[in-house]
Number of protein chains: 2
Amino acid sequence: MEKEKLVFEKYLVSKGLKLTKPRKIILDTVFATHEHFNVDGLYDQIRKKHKDVSRATIYRTIPLLVESGLIKQSLRCLAKDHYEHTYGHDRHLHLICEKCGKIIEVESKEAESILKKLAKIHNFDIKEYNVGAKGLCRKCSD
Amino acid sequence: MEKEKLVFEKYLVSKGLKLTKPRKIILDTVFATHEHFNVDGLYDQIRKKHKDVSRATIYRTIPLLVESGLIKQSLRCLAKDHYEHTYGHDRHLHLICEKCGKIIEVESKEAESILKKLAKIHNFDIKEYNVGAKGLCRKCSD
DNA sequence: GATAAAATTGAGAATGAGTCTCAAAATAGT
DNA sequence: ACTATTTTGAGACTCATTCTCAATTTTATC
Ligand SMILES: [Mn+2]
Ligand SMILES: [Mn+2]
Ligand SMILES: [Zn+2]
Ligand SMILES: [Zn+2]
């Protein structure tokens, strides 16, 4: 939790911005768990302890967290944008159950290296990738 | 173009629906090119020739095209939903340039088989997958 | 520490893609 | 032609996200 704070603060300072109280609360809540999240869930979570952080500030802070490299927008499969940690997490792909919404995270060096190879062939400079499959999880496919 | 019509008509009949004039126009326009598309672009395209097809009907018809297996929703990386042909197109992955918006389509049996393998390990029944990477294309990375 | 300038915030209005409603038009069966 | 059913276009509605702006907080200057 301290490391994320350092990364964020460093980024903010480099942009002439400050780690204010609301930004700190948002940062802490985002990194309180490792789950994927969306703005509404984050807002509810924050509101349990802090009645004075607004949606507007959350919406304004998320791009800062993305820019600082701490989180990224994840594969969008539902109505709402959602996000996941990048800092401290290896690249992984997602198996998303269409029925129960469960997200299975899978690491694969193989997949990663194939993508890199393909990108090289096309002279494409990969910043980040999203690999996802939709279908039915074990429980839901019976 | 005729084959798509047969597929669509067969699907519609199976659901007790009809291949009406607006649906035919939408089908034709969707398959007039092989490009990815979104509703707004499709609407503009259609309007060049047919002033009497409404957005509502386009929004209503797209799920029918998806259900019939002719198109699918593609990796959403921008604000609007967008779609691409499935009928007559092999599975492929996308390299999307963040700067110019260019989409490079790449086939890869390797990537496909790895995904299948991973899905099997997790007892996950894949209905469809989206593999994509964001970054900079050759032209934009100089 | 008072004062002025700059950055940040919360509240709520505005936007816009996608969905829904409903009356009118098209279609199919008799 | 008559009726029941489906489909349509127009526009109202929803809801996640963005924008606006006045009030508050922070920082710099004296
Ligand atoms: Mn994840
Ligand atoms: Mn494609
Ligand atoms: Zn499931
Ligand atoms: Zn480019």
Side-chain angles (χ1 to χ4, degrees), chain A residues 8-9 11-30 36-68 71-84 101, chain B residues 8-30 36-68 71-83 101:
Chain A
F8 194 35
E9 203 156 20
Y11 167 78
L12 291 172
V13 167
S14 80
K15 294 286 176 182
L17 306 173
K18 299 136 207 164
L19 184 53
T20 59
K21 237 175 288 176
R23 283 173 182 157
K24 180 67 169 43
I25 291 168
I26 292 165
L27 175 74
D28 285 347
T29 311
V30 162
H36 287 208
F37 65 94
N38 60 41
V39 170
D40 272 10
L42 183 56
Y43 180 75
D44 291 345
Q45 206 59 32
I46 287 171
R47 278 295 174 125
K48 287 182 185 169
K49 299 221 168 185
H50 306 91
K51 298 288 177 207
D52 49 349
V53 176
S54 73
R55 271 203 172 75
T57 300
I58 295 175
Y59 274 109
R60 277 189 287 242
T61 302
I62 281 178
L64 301 177
L65 291 169
V66 171
E67 265 294 301
S68 71
I71 67 173
K72 69 165 191 167
Q73 187 162 9
S74 187
L75 198 59
R76 190 153 38 138
C77 45
L78 304 164
K80 301 173 186 176
D81 288 355
H82 76 277
Y83 302 88
E84 63 180 312
Chain B
F8 194 34
E9 203 156 21
K10 188 174 172 189
Y11 167 78
L12 291 171
V13 167
S14 81
K15 294 285 179 182
L17 305 173
K18 298 141 207 163
L19 184 52
T20 60
K21 238 173 289 175
R23 282 174 183 157
K24 181 64 169 43
I25 290 168
I26 292 165
L27 175 74
D28 285 348
T29 311
V30 163
H36 288 208
F37 65 95
N38 61 39
V39 169
D40 273 10
L42 184 56
Y43 180 74
D44 291 346
Q45 205 58 33
I46 287 172
R47 277 296 174 124
K48 288 183 185 170
K49 299 222 169 188
H50 306 90
K51 297 289 176 205
D52 48 349
V53 176
S54 72
R55 272 205 172 73
T57 300
I58 295 176
Y59 274 110
R60 277 188 288 242
T61 302
I62 282 178
L64 302 176
L65 290 169
V66 171
E67 266 293 302
S68 71
I71 68 174
K72 71 164 190 166
Q73 187 162 7
S74 187
L75 197 61
R76 190 152 40 137
C77 46
L78 304 163
K80 301 173 187 176
D81 288 356
H82 76 276
Y83 301 89

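Bear in mind the structure is a predicted one, so any value in this text is a computation, not a measurement. Note that these values count all heavy atoms, side chains included, but never hydrogens, waters or copies made by symmetry. Throughout, protein chains are lettered first and strands after them, A, B, ... in sequence-line order, and every chain is numbered starting at 1.
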Participant: B:K80 has a side chain; which of C:dT21, C:dG10, C:dG18 sits nearest to it?
Facilitator: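 Output: C:dG18.
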Participant: Remember a base hit wins even if backbone is also touched, and classify B:R55 as base, sugar-phosphate or nothing at under 4.0 Å, heavy atoms.
Facilitator: nothing
Participant: Whole-Å distance between C:dT8 C1' and A:L19 CG?
Facilitator: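 A:L19 atom CG is separated from C:dT8 atom C1' by 13 Å.
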Participant: To the nearest Å, give me how far apart OH (A:Y43) and C1' (C:dA11) are.
Facilitator: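 Value for this atom pair: 10 Å.
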Participant: Does the side chain of B:F8 come within less than 4.5 Å of B:R23's, by heavy atoms?
Facilitator: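 Yes, their side chains come closer than 4.5 Å.
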Participant: Quick one: do B:D44 and B:K48 make a salt bridge, cutoff under 4.0 Å?
Facilitator: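 No salt bridge links B:D44 with B:K48.
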Participant: Hey, are the side chains of B:I71 and B:F37 touching, using non-hydrogen atoms and a 4.5 Å cut-off?
Facilitator: yes
Participant: For D:dT26, does either OP1 or OP2 sit under 4.0 Å from a side-chain N or O belonging to A:T20?
Facilitator: no
Participant: Roughly how many Å is it from CG in A:D81 to C1' in C:dG18, rounded to a whole number?
Facilitator: 15 Å
Participant: From the set C:dA11, D:dT7, C:dT21, return the single nucleotide nearest to any side-chain atom of B:L17.
Facilitator: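 Comparing C:dA11, D:dT7, C:dT21 against the side chain of B:L17, the answer is D:dT7.
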Participant: When the distance from CG of A:L64 to C1' of C:dT8 is rounded to whole Å, what number comes out?
Facilitator: 11 Å
Participant: Closest to the B:A56 side chain: C:dG18, D:dT17, D:dG11?
Facilitator: D:dG11
Participant: Could you say whether B:D40 or A:K18 is positioned toward the 5' end of DNA chain C, judged by the nucleotide with the nearest heavy atom to each?
Facilitator: A:K18
Participant: Of all the nucleotides listed (D:dA10, D:dT7, C:dG10), which has the minimum atom distance to the side chain of B:R47?
Facilitator: D:dA10
Participant: Classify the nucleic acid contact of A:N38 as base, sugar-phosphate or nothing, counting any heavy atom under 4.0 Å across all strands shown.
Facilitator: nothing
Participant: To the nearest Å, give me how far apart NZ (B:K21) and C1' (C:dA25) are.
Facilitator: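 Distance, rounded to whole Å: 11 Å.
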Participant: Round to a whole Å and report the spacing from CZ of A:R23 to P of C:dG10.
Facilitator: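 Between P of C:dG10 and CZ of A:R23: 11 Å.
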Participant: Checking contacts here: which listed nucleotide (D:dG9, C:dG10, C:dT27) is nearest the side-chain heavy atoms of A:T57?
Facilitator: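 Side chain of A:T57 sits closest to C:dG10.
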Participant: Considering only heavy atoms from C-beta outward, does the side chain of A:V39 approach that of A:D81 to under 4.5 Å?
Facilitator: no
Participant: Could you tell me how far apart A:H50 (NE2) and C:dT9 (P) are, to the nearest whole angstrom?
Facilitator: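 Computing the A:H50:NE2 to C:dT9:P distance gives 14 Å.
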Participant: Can you find a side-chain donor-acceptor pair between A:R55 and A:Y59 that sits under 3.5 Å?
Facilitator: no
Participant: Rounded to the Å, how far apart are B:I58 CD1 and D:dG9 C1'?
Facilitator: 12 Å
Participant: Assign each of B:G16 and B:K51 to its nearest nucleotide of DNA chain D by heavy atoms, then name whichever residue's nucleotide is nearer the 5' end.
Facilitator: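 Its nearest nucleotide being more 5', the pick is B:G16.
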Participant: Counting side-chain heavy atoms from C-beta on, which of D:dG9, C:dG10, C:dG18 comes nearest to A:R60?
Facilitator: C:dG10
Participant: Please check the phosphate of D:dT17 (OP1 and OP2 only) for any side-chain N or O of A:Y59 closer than 4.0 Å.
Facilitator: yes
